[in-house]
Amino acid sequence: MNTKNWSTFCIDIEDSIRELWKRNKAYEVHINSNETYFICDFFPYPSAAGLHIGHPLGYISTDIYARYKKMRDFNVLYSMGFDAFGLPAEQYAIQTGQHPEITTNENIKSISNQLKNLSLSHDENRVFSTTDSEYYKWTQWIFLQMYDSFFDHTEVWYDKFNNKIQGKAKNISILRKYLQSQKWIIQNGVPVPNNDFANENNSIPKPSKNEIEKALNEARLAYVANVKVNWCAKLGTVLSNEEVTADGLSERGNYPVTQKSMQQWMLRITKYAFRLINNLQYLNWPENISTMQKNWIGESRGVEITFESEYGAISVFTTRPDTIFGVFFIGLAPEHCIAQKIAKMHNLDLSQLQNSTNLNTKIGIKTGIFVKHVITQQKIEIWIVNYVLHNYGTGAIMGVPAHDTRDFEFAKKYNIECKPVIIPTDKWLLENYEGDAQNVTIEQLHDLWKNDSYQYKTAYTEVGDLYDFAKLNMNNKATINEICDWFNDKGYGKCVIKYKLRDWLFSRQRYWGEPFPIVRCAKTNQIYPVHIDNLPVLLPKQMNFEPEYDVKDPIPPLQRNKDWTHVKGVIQNGAFLLDENGSSFIRETNTMPNWAGSCWYYLRYMDAKNKNEFVNFDTAKYWSGDSYGAVDLYVGGAEHAVLHLLYARFWHMVLFDLGHVPTPEPFQKLLNPGMITANAYRDKRGVYVDVNLVNLKNVDGKEVAYHAKTEEKLEICPGKMGKRYKNGVNPMQICEKYGVDVFRLHMMYMGPLSQTRPWNLKNIVGMERFCNSLWRIFENSYDLLSKNFNENISKSSKNDKHENYDTNDNLQYDFQKMLNDVTLEMENLRFNTAIAFIITFCNKYKILPEKYLLNLLRILAPFIPHFAEYWYMRLRESVIAKHCKYTSILHEKWPKYDISSPQQNVILVVTINGRFKATNKIDKNATDENIIEKARKLALLTSETKYVIVRKEKIIVNFIK
RNA sequence: GCCGUUGUAGCUCAGGGGCAGAGCGCAUCCUUGGUAAGGCUGAGGUCGAGAGUUCAAUUCUCUCCAACGGCACCA
C-alpha cells in the first residue's frame, strides 16, 4: 500500500503542471467551427492590496464552468482585463505621491501573477487594461459615436428575434437632413417630428443653417449642458446620480455631496428608459437585479393634465386619473416656475419650504390663487408645498386628500376639504377608523368616510369602485388604463409614461480618466469632435494630477497643463485635425468617469488585437452566437446593479442601433457571487486586532477569541472583510499552504455561489482530506491495474446496503447516477452540490476499474485540474493508456451518460401508510400480482390489506391499514 | 409601507411526494519513521409552527412565526 498523498506533493506538482500548460499555450482560443460560449467576470480594479478572498470566488467558478464547457465541445471565450482608470487608482496615487500610471502598472503586474497562480484558463492574448491607449482610443471613439448620434423615437423596427423595438439611435447627419426637408421641425430649439409633414401647405419657415446646427446639439446622445450636479468637494469632482447614496453621500468614501450648477457632458440614457426595462424580460438575470434596475429607472404610466391659472398653465402628472373628482388643491414644488412667479408677486418666503430636509413633516403655503378643474370648472386653490419634488414628473401634483397618504396628511393639517371618490373595503374602514369601530355599524363607517374622511387615520389608496362612475361616462369595470385613454380621447389630458431615471452626468474633474476627444475653437467657442486619425487623445504623462479640494469653482487638473490644452488644427468634415499651421483650439479638460472603460471591455475580448476597429462585426457575431446578449455568462457583484450594469447596457444598445454590434443586449445570463464575510476582533479599547494574532478556543461549544500575545479576551464582530478591520484574507497564502486545487474545492464547497457566507479557513482540511482520499483511490487502483487486476471487480468500502446487487451492477448504477447528478449541477453552476455528489460516490468506492477511473478523472478535471492532469499523465503511461486519447486532460471530453445499460431490475419499495418498511429488487415488467406477493412477504403481512402500486423509476407499494 | 429570499445535524450548506445527505465540529479506536499531523469507525435530526391536498408530505398549497436582502414622499 502506498502511503503518499496529495498534500505532500501538490505544491510541486501544481507548479510543474502550470509550467507545462504555459509552454503549450493551453488556453489560447481561436475561431473554429464549434458552437461558442462566452464567459466573463466583472474585471477588477488593480488595487494595491491585491486580490482579496472575494475575487477568486467568482473567478474560480467561471474557470470551472469554462473548463466544463470546453469538455462539452464548446469554443469557450474566457479572458480577463483591468479596470484601471478612476478614483481609487488616482487616490492611491495621491496618497503615495507616485504617478497613477506607475502604481497602476505595478498593481496590474502583481495581480496578474496572483491570477496566474490560481490557474484560471484565461486566454492571455486577450488581456488588456482600460488605461492602455490602444484600448481607450476606442472608448473615445464610442463616445464620438454618441456625440454623432440622435435618438429617433419614431422609428419602429425589429431585432433578429422579431421583437419590436421602438426608437433607434441614428447618425446625426440623418437628423440634419430631416430638418432641412422639414420632416422634423425645431420647437423651442429642440428637433421634433413634424406632424404636418404630409400636408403640402404647411407654412413653417425653413430654419437657418445656424439654427439647425444649434438644434442638433439638443438631440445628440452626448451633449454639453449647464446642469445642477452632485458636487463632492472632498473628492474634488462631480458624481452621477447612481454614485450618490440615498443619504446624500458619495458611494466611494462616504463624503457629503451638495448641489451645484456646472457645465458638464451628459449622455442621453433617458431615451433608452423604455428599452432598458423592456429588454430585461429577455435576459436570465437574478430577479433582485432586474427589480433594482426597474426601480431605478422608475417607469410610471399615467395622465398629464393641464390646469389653467392666471399665472399660466400648470401641468400635473398622475397615475390615478380615476381620482380626478377628488382633487381639492394643487401642490407645487417651491422650485416650480409658477410657484416662483407667485412668490415674487405676493412676496411669499419659500425658503423654509426649500430648506426643509425632513419631508416627513409636510408644510405648505396657501397662495390664494386658483385654477379651474378641467372637467367641473370648479375653483381649486394652489398651495406651494415642500413634499412635491421638482425633478419628478412635472413638479406639480393634483392633491387628492382622500386617496393619497401624503396629500391626506398635508390636507388634514391645513384643514383642506376632503371628499372621497372611491368606495373602500369594509375591512379597511374597520382597521383605519380613528374611533372605536366596535360601537358603529359598517353602514355608519361608510357614511363617516363619505362625509367626514378625517375621522380616518389615513387615505384609501387602493383602486376600487367609484361612488359615481357616471361622471366619467364609464362602466364600473373600467381599469386605470382605460380611464387614461378616456382622458386622452376627451382631450382632458394626455397619456404619458414618466421615468425617474435622469440623463447620465459623464464629466469628472479629475486627471486619471479618458480625455474627451473634443476641442473648442478658441475664437468662437464652438465644439468639435477630434478626427479619428488623431485618436487616441493621450493623457499628458508628467504633470501635477492632484485635484483641487474644497474650492468654490474648481479647475480640472488637465486645465492647468497649457501645453496639452492648447492645440492648433483645422476642421475637416466637421472634425478637428491637428495641423501646426492651423488655428487655435482648446481641448476639453474634464475626463470621463471610470464607468466609461467598463462599458464595453467584454466586446474587446472578442477581438483584442484589432487595430482598425473597436471590434470586428463578424468576429463579434461569431462569439455572440445566437443569444440575445453577447456574453453568455457574466459573473460579478450585485453592488453594480444600477451602475455598471445599467451603463453598459445603454452603450451596447447605442452600438447595436448604429449597427456596430450584432446583439441587442450585452449580458445574457448574470450571476452574483455572494460576499464573503469574516469575523473581526477588537480589544478592550475597541482597536481591531489582526486576525493572525488571534487564538480561537472552544469553550462550552462557543467560540471565544484571545489575543495570542496578551491573552486578552477579544470581542468578536462579524461583518465585511476589510483592511480597516484587520480581517482580510490573502488567497495566495492559502494556496501556498494547501495548493490551488484544494483551495478551489474549498471555495466552491462553502455554499451556493450567490450566497453571502462567512469565511472559515478551518473547514479547508475537509477538502484536503478529500483530495488525499481521491489520491488513495487512484494510487490503489493504479497499483492493482498494473498487476493486471481484473476489470470486473471493484471494491466497496462499506457494507453495501443493496446486498442483492452484484458488485459491478451496483457500481455502474451509482456511477451513472453520480454523473447524471453532477452534470445537472454543472449546467446550473451549483458546484457545491456537484462536489457533494462526487464525495458521496467516492466515499463508497475506494478502488475502481480503469473505465471508471478515467471517467472520474474527467469529472474532476474542471475542479482540480492539476490533480487531474497529473493522474492523466500517469495513466497514459500505464496499462490503460489505450483509453487516454489525448496528450493532456485539457483536451478530454466530459463522460457521456450511458443510456445503453438497460436495467431489467428496478428497486421495489414497500411502505405501510407511507412509512418505509422494506426494499428489494424486482423485475421491471413484473405483474401486479407478482409485485404484491413479494411486497407482502417483505412487509411480513399475512392478511389481505388494501394497497396501492405506483410504478415510476422505482416500484412502490403502499399498504393502507 | 412595497417587493423579494430563506428556515433540514452543534456550525456551513445539499436534497426532494415513497430508506435523511456532505464537509467541519464532537466521540471511540488505530497509527507514533507524514506526528503541534494522518487514518478507521461512530453518535446527532418531530426537516420553523399549524392546517389542507394525497394511499403517502420534510417535499405541493394556504396561514402564521422568525431571520435576511432591496426599494421607498416617485404623484
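All values derive from a computational prediction rather than experimental measurement.
- Between A:Thr405 and A:Ala459, the shortest heavy-atom distance links the atoms N-CB, 3.7 Å.
- Remark on RNA chain B: of its neighbouring residues A:Thr291 and A:Tyr499, the 5'-side contact belongs to A:Thr291, judged by nearest-heavy-atom nucleotide.
- Proximity note for A:Ile960 (side chain, C-beta onward) versus B:C55, B:G23, B:C13: the nearest is B:C55.
- Taking 4.0 angstrom as the limit, A:Ser300 places a side-chain polar atom (N or O) nearer than this to OP1 or OP2 of B:A75.
- The pairing partner recorded for B:U63 is B:A49, the criterion being a Watson-Crick or G-U wobble arrangement whose two distances lie under 3.5 angstrom.
- Across all strands shown, B:U35 forms no Watson-Crick or G-U wobble pair with both key distances under 3.5 Å.
- B:G23 takes the anti form, because its glycosidic angle lies more than 90° either side of 0.
- Using the Watson-Crick or G-U wobble rule with both distances under 3.5 Å, B:G69 pairs with B:C3.
- When the shell of 6.0 Å around NZ of A:Lys737 is examined, it contains 12 or fewer heavy atoms from other residues, nucleotides or ligands.
- Comparing atom distances between the A:Asn832 side chain and each of B:C71, B:A14, B:C24 picks out B:A14 as nearest.
- Nucleotides B:U5 and B:C60 place their P atoms 13 Å apart, quoted to the nearest Å.
- A:Val950 comes within contact range of at least one nucleobase, with a heavy-atom separation under 4.0 Å.
- The side chain of A:Arg776 lies closest to B:G39, out of B:A75, B:G39, B:A22.
- Searching all strands for a Watson-Crick or G-U wobble partner of B:G10 with both distances below 3.5 Å returns B:C24.
- Using atom C1' as the reference point in both B:G44 and B:G34, the two lie 32 Å apart (nearest Å).
- Nucleotides B:G21 and B:U31 place their C1' atoms 30 Å apart, quoted to the nearest Å.
- Side-chain proximity of A:Asn958 to the nucleotides B:C55, B:C24, B:A22 is greatest for B:C55.
- For A:Lys500, taking side-chain heavy atoms from C-beta onward, the closest of the listed nucleotides B:A72, B:C55, B:C13 is B:A72.
- Salt bridge A:Lys362/A:Asp407: absent, no basic N to carboxylate O contact under 4.0 Å.
- With its glycosidic angle more than 90° from 0, B:G25 adopts the anti conformation.
- The CG-P distance, from A:Asn295 to B:C3, rounds to 12 Å in whole Å.
- Checking B:G39, B:A22, B:C13 against the side-chain heavy atoms of A:Arg769 singles out B:G39 as nearest.
- Atom C1' of B:U53 sits at a distance of 26 Å from the matching atom of B:A66, rounded to the whole Å.
- Ion pairing between A:Lys500 and A:Glu299 fails under the 4.0 Å rule for side-chain N and carboxylate O.
- Protein atom CZ of A:Arg951 is 19 Å distant from nucleotide atom C1' of B:G17, rounded to whole Å.
- Taking both residues in full, the closest heavy atoms of A:Ser290 and A:Trp285 are given as OG-CB, 3.7 Å, listed atom of the first, atom of the second, then distance.
- When the nearest nucleotides of RNA chain B are assigned to A:Val957 and A:Thr394 by heavy-atom distance, the more 5′-ward of the two goes with A:Val957.
- Between the side chains of A:Asn230 and A:Asn241, at least one donor-acceptor pair of N or O atoms lies under 3.5 Å.
- A:Trp775 has its CH2 atom 16 Å from the P atom of B:G34, to the nearest Å.
- In the set B:C40, B:G18, B:A75, B:A75 carries the atom at the smallest distance from any side-chain atom of A:Val388.
- Nucleotides B:C47 and B:C74 have their P atoms positioned 44 Å apart, rounded to a whole Å.
- Residue-level contact check: A:Thr833 touches the backbone only, with heavy atoms under 4.0 Å from sugar-phosphate atoms and none from bases.
- Atom CZ of A:Phe408 and atom P of B:A75 are 20 Å apart (whole Å).
- The pairing partner recorded for B:A56 is none, the criterion being a Watson-Crick or G-U wobble arrangement whose two distances lie under 3.5 angstrom.
- Ranking B:G23, B:G18, B:A75 by closeness to the A:Met767 side chain, first place goes to B:G23.
- Comparing B:C24, B:A22, B:G39 against the side chain of A:Asn843 picks out B:A22 as the nearest.
- B:C24 atom C1' lies 11 Å from atom CD1 of A:Ile839, rounded to whole Å.
- Between B:A27 and B:G38, the distance separating the two P atoms is 16 Å to the nearest Å.
- In this structure, CH2 of A:Trp285 is placed 20 Å from C1' of B:U5, rounded to the nearest angstrom.
- Under the 3.5 Å distance criterion, with hydrogens and angles disregarded, a donor-acceptor pair is assigned to the side chains of A:Ser7 and A:Asn772.
- Nucleotide B:G21 holds its P atom 20 Å from the CZ atom of A:Arg830, rounded to whole Å.
- Taking the C1' atoms as reference points, B:A57 lies 16 Å from B:C19, given to the whole Å.
- You'll find that the side chain of A:Leu389 is closest to B:A75, out of B:A75, B:A14, B:C24.
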Report the C-alpha separation of A:Thr319 and A:Ser300 in whole Å, then their side-chain angles, then the decisive distance to 0.1 Å, and conclude whether the side-chain hydrogen bond (donor to acceptor under 3.5 Å, both in side chains) test is met.
CA-CA 7 Å; A:Thr319 54; A:Ser300 20; over 6 Å; no

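- Distance check on atom P: B:G15 versus B:A9 gives 15 Å, rounded to whole Å.
- In this structure, A:Glu825 places its CD atom 8 Å from C1' of B:A14, rounding to the nearest Å.
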